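This structure is a prediction, so every number in the text was calculated from the model and none was measured.
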Amino acid sequence: MTRTMLVPGLLAGVLWAAVPLSAQLLAARESAFAAGRHHLNVSDIEAHKRFWRELGAELVKFGDTDVAKLENALLFLRVQEPTGESNGSTVNHLGYRVPDLHGLAPRLRAAGFEMVTTEVVDGATKDVHYNEGQDVHMAFVRGPDGVRVELMESKELKGIVSHHIHIFTEDDGATRDWYVRHFGGKPGTRGPFKKADVPGVELTFAKSDGPTRPTKGRVVGHIGFEVDNLEAFCKRLEGEGVSFDVPFRTIESIGLSVAFLTDPWGTYIELTEGLDKF
């Protein structure tokens, strides 16, 4: 087992092992830019493992790090007291599709997790709400450390699948345009929301009621994308005026390249190359 400390104090505790991940990052195998690894700061690892397992994720270990594996998303759980919930940050919540929401919602409530659909969705009176405009049953749950998750029912599925990352800023249009320009997202709308589709996930944008906080340090600490030819991609971003918190680098011992940046509104982003090959 290979373990690598990338940047002391910045990536402490993120350990990699050469074990199969590619079955989860399906979109990354077929696309040059795709959804990848996201990072959660958690105060109680067992509570988070129970929560994500209840949602249908597979729990595995990579080095010393617990990971919740979902289709097109790897959630790395780092034991570190978060500075705040996801609500209030630019990444307000993570969205997933599940096959049986009507069965899952009461199980989540019985397991002690807080269903917050009626607090989040205008007009909702039950844990599971039918959104007529989008023709979907949906629910919101507040997980450990205040990680907010939206669940949408798709009966044809066999398990949980990543659907969207919902980003809140004071200028949703400018935010979407930034992701379209730099990340090649396909612009569109879903219901009242602007969006940019990239392989493996929908980036959804909403206008916040006021200032939002950066993600770094909060329960959803950063989001991530897998990129082919990452070095050239980073050079292109730099040419477009994007600054990096951690410049492109390759960890030869495990064949993984990484870079970190923060979007103009405070969403911390990890870019990787090679994660889909493990």
Provide the closest heavy-atom pair for [X] versus [Y] in the form atom of the first, atom of the second, distance.
X: Pro187; Y: Gly185; value: CD-O, 3.4 Å
X: Thr118; Y: Thr125; value: CG2-C, 3.6 Å
X: Asp127; Y: Thr117; value: O-OG1, 2.6 Å
X: Ala259; Y: Leu230; value: N-CD2, 4.3 Å
X: Glu153; Y: Pro99; value: CG-O, 3.8 Å

[atom1]/[X] to [atom2]/[Y] distance, rounded to the nearest 0.5 angstrom?
X: Arg97; Y: Ile160; atom1: CZ; atom2: CD1; value: 11.0 Å
X: Leu101; Y: Leu108; atom1: CG; atom2: CG; value: 8.5 Å
X: Lys216; Y: Asn41; atom1: NZ; atom2: CG; value: 10.5 Å
X: Leu271; Y: Ile223; atom1: CG; atom2: CD1; value: 9.5 Å
X: Asp122; Y: Asn131; atom1: CG; atom2: CG; value: 11.0 Å
X: Arg176; Y: Leu203; atom1: CZ; atom2: CG; value: 11.5 Å

Strictly distance-based, threshold 3.5 Å: is any side-chain N or O of [X] a donor or acceptor partner for the main-chain N or O of [Y]?
X: Ser86; Y: Asn92; result: yes
X: Thr250; Y: Glu252; result: no
X: Thr215; Y: Tyr268; result: yes
X: Asp263; Y: Ile269; result: no
X: Glu273; Y: Asn229; result: yes
X: Thr169; Y: Asp171; result: yes
X: Lys207; Y: Glu170; result: yes
X: Arg236; Y: His182; result: yes

Hphob cluster co-occupancy, [X] + [Y], side-chain heavy atoms under 4.5 angstrom:
X: Leu94; Y: Leu77; answer: yes
X: Val219; Y: Leu55; answer: yes
X: Val180; Y: Val198; answer: no
X: Phe113; Y: Met138; answer: no
X: Phe168; Y: Val220; answer: no

Ring pair (Phe, Tyr, Trp, His ring centres under 6.0 Å) pairs touching residues 123-147, sequence neighbours excluded, are His93-Phe140, His102-His137, Tyr130-His137

Using 30° and 60° as the class boundaries, would you call the ring planes of [X] and [Y] parallel, tilted or perpendicular?
X: His38; Y: Phe225; answer: perpendicular
X: Trp52; Y: Tyr96; answer: perpendicular
X: Trp178; Y: Trp265; answer: perpendicular

Can you list the steps and then say if Asp100 with Lys155 is a salt bridge (charged side-chain N to carboxylate O under 4.0 Å, His left out)? CA-CA 6 Å; Asp100 181 19; Lys155 291 183 178 296; 5.0 Å; no

Is Glu132 atom CD crowded by more than 12 heavy atoms from other residues, nucleotides or ligands, each under 6.0 Å away? no

Pairwise side-chain contact, Glu231 with Ser257, heavy-atom cut-off 4.5 Å (strictly under): no

side-chain hydrogen bond (donor to acceptor under 3.5 Å, both in side chains) for Glu150 and His163? Distances and angles first, verdict last. CA-CA 9 Å; Glu150 179 180 358; His163 181 265; over 6 Å; no

Only distances under 3.5 Å count here; give the side-chain donor-acceptor pairs of residues 188-195 to other protein atoms, sequence neighbours excluded, each with its distance to 0.1 Å.
{"unit_1": "Arg190", "atom_1": "NE", "unit_2": "Glu202", "atom_2": "OE1", "d": "3.4"}
{"unit_1": "Arg190", "atom_1": "NE", "unit_2": "Glu202", "atom_2": "OE2", "d": "2.6"}
{"unit_1": "Arg190", "atom_1": "NH1", "unit_2": "Gln134", "atom_2": "OE1", "d": "3.0"}
{"unit_1": "Arg190", "atom_1": "NH2", "unit_2": "Glu202", "atom_2": "OE2", "d": "3.1"}
{"unit_1": "Arg190", "atom_1": "NH2", "unit_2": "Thr204", "atom_2": "OG1", "d": "3.4"}
{"unit_1": "Lys195", "atom_1": "NZ", "unit_2": "Asp197", "atom_2": "OD2", "d": "3.2"}

The salt bridge (charged side-chain N to carboxylate O under 4.0 Å, His left out) partner of Glu85 among Arg213, Arg142, Arg148 is Arg142

Chi angles and distances behind the side-chain hydrogen bond (donor to acceptor under 3.5 Å, both in side chains) call for Glu270, His39: CA-CA 9 Å; Glu270 178 184 18; His39 178 116; over 6 Å; no

Does anything in residues 39-48 pair up under salt bridge (charged side-chain N to carboxylate O under 4.0 Å, His left out), and if so which pairs, sequence neighbours excluded? Glu46-Lys49

